[in-house]
Amino acid sequence: MAARRALKAVLVDLSGTLHIEDAAVPGAQEALKRLRGASVIVRFVTNTTKESKQDLLERLRKLEFDISENEIFTSLTAARSLLEQKQVRPMLLVDDRALPDFKGIQTSDPNAVVIGLAPEHFHYQILNQAFRLLLDGAPLIAIHKARYYKRKDGLALGPGPFVTALEYATDTKATVVGKPEKTFFLEALRGTGCQPEEAVMIGDDCRDDVGGAQDVGMLGILVKTETRNVDGATIE
């Protein structure tokens, strides 16, 4: 068995790993400072669709994280790149705070559906509009398919269940751009000069973070986010 190359890059998840909404995970700032002291390239990767990259950066800086904008790679960035490649006009089912990351993208007379985490838009009328577009042949693009995410009051539904509902209703398959897709991790490493086997992923989701990283050849480190479901069983 060939020896593993030296570690050169670390990808770090954000929500649930460094912070939960507007609160830092205890000890996260100190851990990041120690990581900065190592001779590795650090990048921050996130599936968040609730806010633009600029808003996310401001949130992190308020929590005293030393992070620059060019170190962050989001699933919104990946989604915009795909829209530009396909040259489609999307119906954007994303949080209003995420819209700045799609500035300049034509959205009138949509011929594609892009779905992220948008609780205020997940109601019957809007989802039915998306359903009809898909029946007419519009492609379905999922920014990611996370089943749930961590909030201060516990776990909450992610966009995955809504993407799956539209897939089921229209007998179609979404193109997913966020974690755990291989292309997401490869794009995040672009510009670092590192191969996947020279990198490690740190995150709180065993499927999207750790599993996705392992599928592309990276090491994965799981940060456990513990909460309770409605039956009282522990979910980690």
Side-chain angles (χ1 to χ4, degrees), residues 7-81 94-103 116-120 143-144 146 148-156 158-159 177-181 184-185 187-192 194 199-206 208-210 212-213 218 220-227:
L7 180 65
K8 296 182 179 180
V10 179
L11 303 185
V12 184
D13 178 48
L14 291 173
S15 179
T17 301
L18 292 188
H19 73 101
I20 296 173
E21 296 185 341
D22 290 322
V25 171
Q29 293 100 329
E30 291 75 13
L32 179 56
K33 287 178 182 178
R34 291 181 62 186
L35 185 60
R36 293 288 198 192
S39 56
V40 294
I41 298 169
V42 181
R43 292 291 183 269
F44 303 91
V45 295
T46 177
N47 267 353
T48 186
T49 66
K50 296 183 294 180
E51 57 193 342
S52 67
K53 182 189 288 190
Q54 187 58 47
D55 287 346
L56 174 61
L57 181 62
E58 291 178 7
R59 179 198 296 264
L60 293 169
R61 285 177 172 170
K62 286 179 181 178
L63 296 175
E64 299 182 354
F65 286 109
D66 178 21
I67 296 175
S68 60
E69 185 174 356
N70 62 4
E71 291 179 313
I72 300 175
F73 184 76
T74 78
S75 52
L76 291 174
T77 304
R80 181 188 177 105
S81 178
V94 299
D95 193 289
D96 291 344
R97 293 172 296 173
L99 292 177
D101 282 5
F102 294 95
K103 185 177 180 181
L117 182 61
E120 71 281 5
I143 297 179
H144 62 87
Y148 54 81
Y149 68 103
K150 185 69 167 64
R151 300 193 314 199
K152 287 184 290 186
D153 60 351
L155 292 181
V177 297
K179 295 178 292 182
E181 296 303 303
F184 180 89
F185 292 97
E187 284 296 314
L189 284 175
R190 185 189 294 274
T192 65
C194 301
V200 64
M201 173 72 207
I202 302 173
D204 69 321
D205 191 302
C206 61
D208 291 353
D209 294 326
V210 175
M218 299 170 59
I221 298 175
L222 181 65
V223 176
K224 290 188 175 182
T225 301
E226 182 178 299
T227 187

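Small disclaimer: the values here were computed from a predicted structure and weren't measured.
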Quick one: does [X]'s side chain get under 4.5 Å of [Y]'s, heavy atoms only?
{"X": "H144", "Y": "F184", "answer": "no"}
{"X": "T192", "Y": "K8", "answer": "no"}
{"X": "T74", "Y": "T46", "answer": "yes"}
{"X": "E187", "Y": "V45", "answer": "no"}
{"X": "L56", "Y": "I72", "answer": "yes"}

Sub-3.5 Å donor-acceptor pair from the side chain of [X] to the main-chain atoms of [Y], do we have one?
{"X": "N47", "Y": "G178", "answer": "no"}
{"X": "D204", "Y": "T17", "answer": "no"}
{"X": "D101", "Y": "R80", "answer": "no"}
{"X": "Q29", "Y": "L63", "answer": "yes"}

Looking at [X] and [Y], what are the two nearest heavy atoms and their distance?
{"X": "I67", "Y": "E71", "value": "CA-OE1, 3.6 Å"}
{"X": "A188", "Y": "R43", "value": "O-CG, 4.2 Å"}
{"X": "V94", "Y": "G116", "value": "CG1-N, 4.1 Å"}
{"X": "S75", "Y": "T49", "value": "OG-CG2, 4.0 Å"}

Spacing of E181 atom CD and K179 atom NZ [to the nearest 0.5 Å]: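 E181 atom CD to K179 atom NZ measures 12.5 Å (nearest 0.5 Å).
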Is K33 paired with D66 through a side-chain N to carboxylate O contact shorter than 4.0 Å?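 The answer is no: the pair does not qualify as a salt bridge.
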